[in-house]
Each structure stands twice: as structure tokens, then as C-alpha cells.
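What follows is one structure encoded as C-alpha cells, with my remarks underneath.
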Amino acid sequence: KHEARGRVCFFDPGMDARAQARRQLERDMRRALMTAPEEFELHYQPVVEVATRRPTGFEALIRWRHPERGLVLPVEFIPLAEEMGLIVELGALALRRACAEAAGWVRPLRIAVNLSPAQFRSPRLIETVTAALSDNGLAPERLELEITEGVLLHDTEATMATLRRLKALGVRISMDDFGTGYSSLSYLRNFPFDKVKIDRAFVRDLETRSDDAAIVQAVTGLCERLAMTSTAEGVETEAQFRLLAGERCTEAQGYLFSRPIPASGIPALLARLALEAETAAAAAAAE
Ligand code: C2E
Ligand code: MG
Ligand code: MG
Ligand code: MG
């Protein structure tokens, strides 16, 4: 690489290797999207109702089954897809796939799909969502679109218009990772989200940090007053779950119930969750 004269340039073999690996991953992603979209797959993580422990739906989480690297997680390729301008295409693929798979489920549970900010701002968004629903015969109220606070930072008028058009389609809108971005209460006032997902950061240390408990309590209380569902992310322990129940959180999602799993594992997972919900109900009745 040609460096500006007079600048000291240190050769860093580690950095060079990383840059090369990144360029390779970029080439691979283009190839996969064009010629082998089946390398991208969705894994599903259940969301359960806190009161009953029964599943209300699943969140679709994308993975890339890379021919040499194995299963690649979104943190490695979503930011890359965003930078390369491929996220709109990749996101549309995930949305179509999620709707197609959910339409085939025996039980009409909800399906949540993540939208990245660029996807949200894309002029084709409404068309893409409409087609994903109608092509697969999925009832709009079964689809939840998860957006992060980053989406709301830009162009409030246009953003509000898009949110309203999505709502008019009959789909639900969730605010994902609540509390980590530039959270503003006015977001919740100006747009009626159906659900607020409390970020894992506030759940992780719930057992030891009373400030986190206070934050969770404030958010669930707000959700209740604004008629929104509150979902806690990253619930890993029974103790966290109990505390969340005590704070009147509506739903929970996390490794305590299941890690994200391939679609083929859903029937067995539902059977296990049903059994666990029954056991919990029996235990509560015996108390
Ligand atoms: P997210 O939407 O907040 O998804 C939750 C993440 O937390 C997932 O990571 C999930 O596997 C992880 N998780 C769930 N329960 C637990 C738990 O109990 N403990 C811990 N430590 N982690 C838990 P994942 O699948 O790696 O996805 C990361 C992010 O990538 C997602 O965060 C989402 O922002 C993005 N993403 C995933 N799929 C898509 C997609 O199809 N489109 C777009 N645009 N973004 C996606
Ligand atoms: Mg999400
Ligand atoms: Mg989240
Ligand atoms: Mg998150």
C-alpha cells in the first residue's frame, strides 16, 4: 500500500492477516449471496410468557454455514454486510425464509425478525415485508419486526411514516436491545411499540445489582402503563427468571429455556417446553 510521504509506517503482520481474512470473508459473502444463499440459515430461539412459561413465539437469528469456517455468527458478518451494502439483500433473505418456515409450523406461534437500520430505511422495505407475508400466506399479526434505537436516530418524520406503514400492514413492532443505545423515553411516547426488549446488559447481574433491578422495574412499569409487552433478553438462570417475574416482566428469552436452534429441532423443543410449563404449574399449584 502506498503511504503518504513522511509518515512512519509500521508493518504489523497481525493486522495484515486480519485485513486479508476480512477481504476473503467479503468475497465469500458476495459469492454466497449470489450463488449459494442456502449457506445462510436461521436458528430459532423461543420466547416464553413469564406467567405460564409457555412459548409465545420464536426469534429468528441468522447464521452462515460457511464451507470452510463452519458456523459463522452474525457479529462476524452482519457489520460486514452493512458496510458492503449487502445487508438489505441479506435481511430480505432472512425475512422471506423466516416467514416461509413459520407458515409451516403446526402451532401458529409468532416469529420475530431483526431489521437493521439500512434495511429499515430501504425504499423497498414495505414491499419486501408485504411480499414475505403474502407469498407464504403468513398472517401479519404473527410477524414481529425488531428494530434497535439506532433506527430512530435518523430523519424522524420519515422514520415515523415507515413505522406507521408497517403497523398498517398488521405486523408488530418491537424495540430491541432497549437501554443500550441512545434510549429516549420520547421514542416510546411518539411511537406505540408493541414490545420492548430489555437488553441482556440489565439482566445479567440482576441477582447482585439492585440498580439493574430498579431499571428493569422502571421499564416493565412503563410498558404496563403504555400497554406494551416487556421481554427480558439473555435470561440464563432460574434466579434471574424469578426476579423478572417479581418485576412483572411479561416475557423472557434466553439460554435458560433454549439456545437458538435449527428449525428441525423446534418440535422436540416445544415438547420439552410444554412439559416444563406443566411441571412449573403443578409446582405452583402445590405451594
Ligand atoms: P439480538 O437481536 O439482540 O439477538 C439476541 C442475541 O443474544 C442472539 O445473538 C442470541 O443468540 C443471544 N442470546 C440469547 N439468549 C442469550 C443468553 O441467555 N445469553 C447470552 N449470552 N446470549 C443470548 P446472535 O444470534 O449472535 O445475534 C446477534 C445479533 O445479530 C442480534 O442481536 C441481531 O442484532 C443480529 N441479527 C441476528 N440475526 C439477524 C438478521 O436476520 N438480520 C439482522 N439485520 N440482524 C440479525
Ligand atoms: Mg433481536
Ligand atoms: Mg436484542
Ligand atoms: Mg441484544
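Remember, it's 1-based here, ligands and their atoms both numbered in the order they're listed. Fair warning: this is a prediction, and the values are worked out from it, not measured in the lab.
Clustering ILVMFWY residues whenever any of their side-chain heavy atoms sit less than 4.5 angstrom apart, transitively, puts V47 in a cluster other than the one holding L61. Residues I198 and L185 share a hydrophobic cluster, clusters being chains of Ile/Leu/Val/Met/Phe/Trp/Tyr side chains in contact below 4.5 Å.
Partners of L243 according to the side chain to side chain contact (heavy atoms under 4.5 Å, CB included) rule, which considers only residues two or more places apart in sequence or in another chain, are L206, E207.
Among the backbone and side-chain atoms of D199, none of the N, O or S atoms lies under 2.8 Å from the Mg ion (ligand 3). The Mg ion (ligand 2) lies under 2.8 Å from an N, O or S atom belonging to N114. Backbone or side-chain N, O or S atoms of D176 reach the Mg ion (ligand 3) at under 2.8 Å. Between the Mg ion (ligand 2) and E59 there is an N/O/S contact shorter than 2.8 Å.
Looking at heavy atoms from C-beta onward, E59 lies out of side-chain contact with E144 at the 4.5 angstrom threshold. Here the side chains of M228 and K195 are not in contact, with every heavy-atom distance at 4.5 Å or above.
Both cation-pi conditions hold for R53 and F241: the charged atom is under 6.0 angstrom from the six-membered ring centre and inside a 45 degree cone around its axis.
Outside the 6.0 Å centre-distance limit, the rings of F257 and Y255 are not counted as a close aromatic pair.
Ligand 1 has no nitrogen or oxygen under 3.5 angstrom from a nitrogen or oxygen of V75. On a distance-only criterion, Q253 and ligand 1 share no N/O pair closer than 3.5 Å.
Counted by atom type alone, S230 and T220 present zero donor-acceptor pairs between their side chains at under 3.5 Å. Q45 and H43 share no donor-acceptor pair across their side chains, judged by distance under 3.5 Å alone.
Ligand 1 lies nowhere less than 4.0 angstrom from a heavy atom belonging to R204. The shortest separation from a heavy atom of G91 to ligand 1 is not under 4.0 Å, leaving the residue out of contact.
Those atoms of ligand 1 that come under 4.0 Å of a heavy atom in E236, given as number and element, are 17 (C), 18 (O), 19 (N), 20 (C), 21 (N). Against a heavy-atom cut-off of under 4.0 Å, P260 is close to the following atoms of ligand 1: 11 (O).
Residue V235 touches ligand 1 through its backbone alone, judged by heavy-atom distances below 4.0 Å. Contact annotation for S116 and ligand 1: heavy atoms of both the backbone and the side chain come within less than 4.0 Å of the ligand. In T148, neither the side chain nor the backbone holds a heavy atom less than 4.0 Å from any atom of ligand 1. Contact annotation: for H43 versus ligand 1, there are no heavy atoms closer than 4.0 Å. Counting heavy atoms closer than 4.0 Å to ligand 1, residue R259 contributes nothing at all. Under 4.0 angstrom from ligand 1, there are no non-hydrogen atoms of K197.
Results of the side-chain hydrogen bond (donor to acceptor under 3.5 Å, both in side chains) test with Q253 over K197, R200, E233 single out K197 as the only residue that passes.
Among the heteroatoms counted here (N, O or S) of E233, OE2 is the one nearest to the Mg ion (ligand 3). The N, O or S atom of D177 with the smallest distance to the Mg ion (ligand 3) is OD1.
Annotation: the span from Y187 atom OH to I147 atom CD1 amounts to 10.0 Å, rounded to 0.5 Å.
Among L61, V203, I62, D176, the residue whose heavy atom lies closest to atom 40 (C) of ligand 1 is I62.
With a 4.5 Å cut-off between side-chain heavy atoms of Ile, Leu, Val, Met, Phe, Trp and Tyr, the cluster of V75 takes in L73.
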